[in-house]
Number of protein chains: 2
Amino acid sequence: MNIGEAAKASGISGKMIRYYESIGLIPSVGRTEAGYRTFSDKDIHTLRFIARARSLGFSVEQMSNLLALWRDSNRASSDVKAVAYAHIEELDSKIEKLISMRQTLQHLAEHCQGDNRPSCPILGDLAGAPESAGTAPAQVRPPLACEEA
Amino acid sequence: MNIGEAAKASGISGKMIRYYESIGLIPSVGRTEAGYRTFSDKDIHTLRFIARARSLGFSVEQMSNLLALWRDSNRASSDVKAVAYAHIEELDSKIEKLISMRQTLQHLAEHCQGDNRPSCPILGDLAGAPESAGTAPAQVRPPLACEEA
DNA sequence: ATAGACCTTCCCATCGTTGGAAGGTCAAGC
DNA sequence: GCTTGACCTTCCAACGATGGGAAGGTCTAT
């Protein structure tokens, strides 16, 4: 299997497959005499694992851990779970940050007339002017309790 | 005002101030004879504007637009609002993606025993095995309607 | 033989930020 | 005046994950 076919079969671009190989995330695959990479079914399976892990937002380093656990038939599922929960916490803090940004921005935008006059609470807030609505300028609102605890 | 004082006063590191100047986000500030940058109150105001905009997640390009609008006393507030809403939509799509990842991962982790045995639905899902819980392996759950429309 | 589709390696760009090296400047103390 | 330490300057590189492209080799079908 060529790298192009491997890319199609795994959903990972050829570029990225080479990159993952170069940084050691996947072991070096076989080569033809002419130097073309050849991918076994096992290689494809690994690539699909990676594609799925990427789609869940795992970093290359986390995927490296997960792949090691996957290959280790003596693993403890608690180790896998720990990696997963660590990632969930990262996701949570990103989500909180984004939601808080969104919240603040939404609030500001709601109070903007959106007409052809220059007066605008969004710019007012960015410029540090105390808002008419009485909310502090640089504070970010507390996050929504959105991730079902 | 030195760059160090400007950094403290604005909350933007000296490194970043130089960077923002180099890419033209802020106009070139004054210099002493020895080549040291000098920051006026107006410069500091601009830097604070930028710091606040960054904290709301605006990109450098968006900040450039916002700064131009800020400086234009003939702006239409609708233009500012448009920038804000475009950014809110970007935030929304990021939030949706992250929440959907979180959701999937949470679901998998909940079904993981987390003991010292190797069997683990998280790895099972990543490896593409059909789950015992009956959920499709590679599908991501629909996003939570979390951003109060 | 030749065209076109593939493959290889290598370098560069992104985005925002940080780090460091090598060197100049300033202010305080001796 | 000289030294010391804290500042400043520019330049170069790195991060993480990905894409783009150039220059060149290989395979397959006509």
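Note on naming: letters A, B, ... go to the chains in the order of the sequence lines (proteins, then strands), and numbering restarts at 1 for each one. Because only heavy atoms are used, hydrogens play no part in the values below, and waters and symmetry mates are left out as well, while side chains stay in.
- One interatomic measurement links the two molecules: CD of E61(B) to C1' of dT14(C), which rounds to 13 Å at whole-angstrom precision.
- For S59(A) and dG16(D), the shortest distance from a side-chain N or O to OP1 or OP2 is not below 4.0 Å.
- Rounding to whole angstrom units, CE of residue M1(B) and P of dC7(D) are separated by 14 Å.
- A donor-acceptor distance shorter than 3.5 angstrom exists from the side chain of R48(B) to the backbone of A9(B), with no hydrogens or angles considered.
- Distance, F39(A) CZ to dC6(C) C1': 14 Å, rounded to whole Å.
- On a pure distance criterion of 3.5 Å, no polar donor-acceptor pair joins the side chain of K15(B) and the base of dG16(C).
- In the model, S77(B) has a side-chain atom that pairs as donor or acceptor with a side-chain atom of D115(A) under 3.5 Å.
- Taking CD of E21(A) as the start and CD1 of I3(A) as the end, the distance is 7.5 Å to the nearest 0.5 Å.
- Between F58(B) atom CZ and dG16(C) atom C1' there is a gap of 17 Å when expressed in whole angstrom units.
- When the side-chain nitrogen and oxygen atoms of R37(A) are compared with OP1 and OP2 of dC7(C), none of them lie within a distance under 4.0 Å.
- For the residue pair S40(B) / D43(B), a side-chain donor-acceptor distance below 3.5 Å is found, with atom types taken as modelled.
- When all heavy atoms of P118(B) and S73(A) are compared, the pair lying nearest together is CB-O, 3.5 Å.
- Rounded to an integer number of Å, the gap from CD of E5(B) to C1' of dC8(D) is 12 Å.
- Here the closest non-hydrogen pair linking L25(B) and R71(B) is O-NH2, 4.4 Å.
- Ring planes of W70(A) and F49(A): parallel class, angle under 30° (limits at 30 and 60°).
- DNA chain C is contacted by Y19(B), Y20(B) of residues 18-28 of chain B, taking any non-hydrogen atom closer than 4.0 Å.
- Interatomic distance, H111(A) NE2 to D125(A) CG, rounded to the nearest 0.5 Å: 11.5 Å.
- The side chain of R31(B) contributes no N or O atom lying less than 4.0 Å from OP1 or OP2 of dG24(C).
- Rounded to whole Å, atom P of dG16(D) lies 12 Å from atom CE of M16(A).
- Transitive grouping of hydrophobic side chains (ILVMFWY, heavy atoms separated by less than 4.5 Å) keeps Y36(A) and M1(A) in distinct clusters.
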Protein within reach of the bases, or only the backbone? For nucleotides 24-30 of chain D, mark each nucleotide 5' to 3' as B, S or -, using heavy atoms under 4.0 Å. -BBS---
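- Note: CG (N2(A)) to C1' (dC6(C)) measures 7 Å, nearest angstrom.
- Taking atom CD1 of I3(A) as the reference point, atom P of dC6(C) lies 13 Å away to the nearest angstrom.
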